[in-house]
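Remember, predicted model here, so these are calculated numbers, not experimental data. Residue numbers count from 1 along this sequence.
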Amino acid sequence: MLPTRNEAVIYRTLSEGAVLFSLTDEVYFGLNGVAAEVWEMLPPRHTSLDSLCAALASRHREVSAEDLRADVIELLTSLESFGLLLPAREPARHAPPRVATVETRLA
């Protein structure tokens, strides 16, 4: 699972990339063009790192898959550390079924 965008972050595209601004922490973060693409590919568009990296690699064939993946991980880690992304949610784990019992009382 990928981290998700923090709803308290404003994203604006620029000619050379984009900027992020956190309304809660007043953090300003500049993104180059590729980093802006990564931001736009976050969930719900892509839900896994593999899917995001494959899509990005198809657009940037001049970069090795290994370098691209390492750069994406570094970017996501950095954005998460500044609170611009929220950590990936753990898949829901199924709790064992609970059996409800109802007692009837007769007077």
Side-chain angles (χ1 to χ4, degrees):
M1 295 287 298
L2 288 170
T4 57
R5 296 178 195 101
N6 184 335
E7 295 295 323
V9 172
I10 296 172
Y11 169 76
R12 293 290 182 258
T13 58
L14 303 171
S15 60
E16 297 121 22
V19 293
L20 302 173
F21 179 73
S22 170
L23 297 172
T24 55
D25 300 323
E26 297 183 1
V27 172
Y28 174 86
F29 202 94
L31 302 174
N32 66 20
V34 177
E37 288 180 62
V38 171
W39 180 268
E40 292 173 4
M41 290 181 174
L42 290 171
R45 192 163 167 199
H46 291 275
T47 57
S48 74
L49 182 62
D50 289 343
S51 171
L52 187 149
C53 288
L56 202 58
S58 71
R59 299 172 72 167
H60 298 279
R61 297 182 189 274
E62 70 281 4
V63 180
S64 75
E66 296 80 23
D67 287 344
L68 189 138
R69 185 179 187 89
D71 289 349
V72 167
I73 291 170
E74 182 180 349
L75 172 66
L76 296 178
T77 301
S78 181
L79 293 175
E80 199 171 327
S81 74
F82 284 106
L84 301 168
L85 290 176
L86 301 175
R89 295 188 192 121
E90 291 284 329
R93 297 181 187 200
H94 298 286
R98 297 173 76 183
V99 177
T101 59
V102 178
E103 292 182 30
T104 55
R105 295 184 184 186
L106 300 174

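- Residues Val9 and Tyr28 fall into different hydrophobic clusters, defined by Ile, Leu, Val, Met, Phe, Trp and Tyr side chains chained together at heavy-atom separations under 4.5 Å.
- Separating the CG atom in Leu75 from the CD atom in Glu80 is a distance of 11.0 Å, to the nearest 0.5 Å.
- At least one donor-acceptor pair closer than 3.5 Å links the side chain of Ser58 to the backbone N or O of Ala55.
- A continuous path of Ile, Leu, Val, Met, Phe, Trp and Tyr side chains, each step under 4.5 Å between heavy atoms, connects Trp39 with Val63, placing both in one hydrophobic cluster.
- Screening Leu20, Leu14, Thr13, Val19 for a side-chain contact (heavy atoms from CB on, under 4.5 Å) involving Leu31 leaves a single residue, Leu20.
- Ser78 places a side-chain heavy atom less than 4.5 Å from the side chain of Phe29.
- Judged by distance alone, with hydrogens and angles left aside, the side-chain atoms of Asn32 form no donor-acceptor pair with the main-chain N or O of Gly17 at under 3.5 Å.
- A side-chain donor-acceptor contact under 3.5 Å links Thr77 to the backbone of Ile73.
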Working for side chain to side chain contact (heavy atoms under 4.5 Å, CB included), residues Arg12 and Phe21: CA-CA 9 Å; Arg12 293 290 182 258; Phe21 179 73; over 6 Å; no

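- Atom CG of Leu2 sits about 6.5 Å away from atom CG of Leu42, to the nearest 0.5 Å.
- Of all the heavy atoms in Pro3 and Pro43, the pair that sits closest is O-CD, 3.4 Å.
- Leu49 contributes atom CG, which lies 4.0 Å from atom CZ of Arg69 (distance to the nearest 0.5 angstrom).
- Here the CD-CG distance, from Glu40 to Leu52, works out to 11.5 Å after rounding to the nearest 0.5 Å.
- Taking OH of Tyr11 as the reference point, atom CZ of Arg5 lies at 8.5 Å (rounded to 0.5 Å).
- Applying the salt bridge (Lys or Arg N to Asp or Glu O under 4.0 Å) rule to Arg59 yields the partners Glu37; only residues at least two apart in sequence or on another chain are considered.
- Atom CG of Leu84 and atom CG of Leu79 lie 5.5 Å apart (nearest 0.5 Å).
- Judged by distance alone, with hydrogens and angles left aside, the side-chain atoms of Asp25 form no donor-acceptor pair with the main-chain N or O of Val27 at under 3.5 Å.
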Trace of the side chain to side chain contact (heavy atoms under 4.5 Å, CB included) decision for Val38 with Asp71: CA-CA 10 Å; Val38 171; Asp71 289 349; over 6 Å; no

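- A 6.0 Å sphere centred on CZ of Phe82 holds no more than 12 heavy atoms belonging to other residues, nucleotides or ligands.
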